[in-house]
Amino acid sequence: MKIYIKYMVSLRCKLMVESELEKLGIHQTNIELGMVETKEEINDDLLLELKSNLAKSGLELMDDNKSILVDRIKNVIIEMIHYSEEIPKVNYSDYIAEKLDYDYTYLSNLFSEVKGITIQHFIIKHKIERAKELILYNELNLTEIAYRLNYSSVAHLSNQFKKVTGHTPTYYKKIGQIRKSNLENL
């Protein structure tokens, strides 16, 4: 049985869901962002108890098919950008369509209808958030960050970064270092 869970977007959420399943004696065979697959069917009472327990942590069980699919799209993108060692070199539309086994045009239209932004904009927002993290970690230079996030060049990353945040990556890094040193001097 597959259970879809809204707002399950981090590894911490996965651990929390895993713990709740264990408490209820539910055996999972696969757990991914936004989805749990169980060995056995779960009765309504147990499902209600799981729903209640997850709600305490801000997670929701989903039963609307459109919401489930949109959440699966989001989770594929989040996992691809934030948790993969390297972003796939194939076209994102092909990657998402293959992962979810749906036609990309259908997925794209559904996503835009439900979320009010395109899949492409959602990907850009997450790539910029990931770039911000990598800039603040200060382990990679901009060329390496651009390569890791599959940008064609540093200029492409910088232009998109400025368009989304209003600042250049260099200025963002400088602000981050100033904040860090201010906190250390407290």
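Bear in mind the structure is a predicted one, so any value in this text is a computation, not a measurement.
A donor-acceptor contact shorter than 3.5 Å links the side chain of T29 to the backbone of E37. In this structure, the side chain of S57 does not engage the main chain of L59 through any donor-acceptor pair within 3.5 Å. Judged by distance alone, with hydrogens and angles left aside, the side-chain atoms of S112 form a donor-acceptor pair with the main-chain N or O of S108 at under 3.5 Å. Side chain of D71 to backbone of S67: no donor-acceptor contact under 3.5 angstrom is found. The main-chain N or O of E144 is found under 3.5 Å from a side-chain atom of N141 such that the two form a donor-acceptor pair. Between the side chain of S158 and the backbone N or O of V154, at least one donor-acceptor pair lies under 3.5 Å. Proximity of a side-chain donor or acceptor of N159 to a complementary backbone N or O of A155 within less than 3.5 Å is detected.
Both I128 and Y137 belong to a common hydrophobic cluster when Ile, Leu, Val, Met, Phe, Trp and Tyr are linked at side-chain heavy-atom distances under 4.5 angstrom. Cluster annotation: I26 and M16 are assigned to the same hydrophobic cluster (Ile/Leu/Val/Met/Phe/Trp/Tyr, side-chain heavy-atom contacts under 4.5 Å, transitive). The cluster map of Ile, Leu, Val, Met, Phe, Trp and Tyr, joined by side-chain heavy atoms under 4.5 Å apart, puts Y106 and I73 in the same cluster. M62 and L54 fall into different hydrophobic clusters, where Ile, Leu, Val, Met, Phe, Trp and Tyr side chains are chained together by heavy-atom contacts under 4.5 Å. One hydrophobic cluster holds both L136 and L142 under the rule that ILVMFWY side chains link at heavy-atom gaps under 4.5 Å.
In this structure, CG in N150 is found 11.5 Å from OG in S84, a value given to the nearest 0.5 Å. Atom CG of L46 and atom CD of E41 lie 12.0 Å apart (nearest 0.5 Å). For the atom pair CD (E133) and NE2 (H82), the distance works out to 6.0 Å, reported to the nearest 0.5 Å. Atom-to-atom distance recorded for E49:CD and N43:CG is 9.5 Å, nearest 0.5 angstrom. A distance of 6.5 Å separates CD of E79 from NZ of K99, quoted to the nearest 0.5 Å. In this structure, CE on M35 lies 11.5 Å from CD1 on I68, to the nearest 0.5 angstrom.
At a threshold of 4.5 Å between non-hydrogen side-chain atoms, the residues M8 and I31 count as touching. K14 places none of its side-chain heavy atoms less than 4.5 Å from the side chain of S10. Using a 4.5 Å heavy-atom threshold, the side chains of L50 and I3 count as touching. The shortest distance between side-chain heavy atoms of L61 and K6 does not fall below 4.5 Å. With a 4.5 Å cut-off on side-chain heavy atoms, K115 and V70 count as touching.
In this structure, Y102 and L69 approach most closely via the heavy-atom pair CE1-CD1, 3.6 Å. Between I42 and M1, the closest heavy-atom pair is N-SD, 3.3 Å. The minimum heavy-atom distance between P169 and F161, with the atom names listed, is N-CD2, 3.6 Å. Of all heavy-atom pairs spanning A97 and L107, the tightest one is CA-CD1, 4.1 Å. Taking each heavy atom of V17 and V36 in turn, the nearest pair found is CG1-CG2, 3.7 Å. Contact between V9 and L33 at its shortest, heavy atoms only, is C-CD2, 3.8 Å.
Between K66 and E113, at least one side-chain nitrogen of the basic residue sits less than 4.0 Å from a carboxylate oxygen of the acidic one, meeting the salt-bridge criterion.
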Q. Do H167 and Y172 pass the ring-ring contact (aromatic ring centres under 6.0 Å, His included) test, and can you show the C-alpha distance, the side-chain angles, and the key distance before you say yes or no?
A. CA-CA 6 Å; H167 303 292; Y172 183 80; 7.5 Å; no
Q) Does the pair L100 and N75 meet the rule for a side chain to side chain contact (heavy atoms under 4.5 Å, CB included), with working shown? A) CA-CA 11 Å; L100 298 175; N75 288 332; over 6 Å; no
Q: Could you walk me through whether R130 and L149 pass side chain to side chain contact (heavy atoms under 4.5 Å, CB included), step by step?
A: CA-CA 8 Å; R130 183 68 179 140; L149 294 176; 3.6 Å; yes
Q: Please test Y95 against V76 for side chain to side chain contact (heavy atoms under 4.5 Å, CB included), starting from the C-alpha separation and ending with a verdict.
A: CA-CA 9 Å; Y95 180 78; V76 165; 3.9 Å; yes
Q: Given side chain to side chain contact (heavy atoms under 4.5 Å, CB included), test Y92 with M80 step by step and report yes or no.
A: CA-CA 10 Å; Y92 295 136; M80 172 180 72; 3.7 Å; yes
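Defined by atom type and a distance below 3.5 Å, a donor-acceptor pair is present between the side-chain atoms of N138 and K173. Side chains of T118 and H121: a donor-acceptor N/O pair is present below 3.5 angstrom, by distance only. If you check the side chains of N30 and E32, you find a donor sitting under 3.5 Å from an acceptor.
Ring geometry, F122 versus H126: the interplanar angle falls from 30° to 60°, so the pair is classed tilted.
Around atom OH of Y83, more than 12 heavy atoms belonging to other residues, nucleotides or ligands sit under 6.0 Å away.
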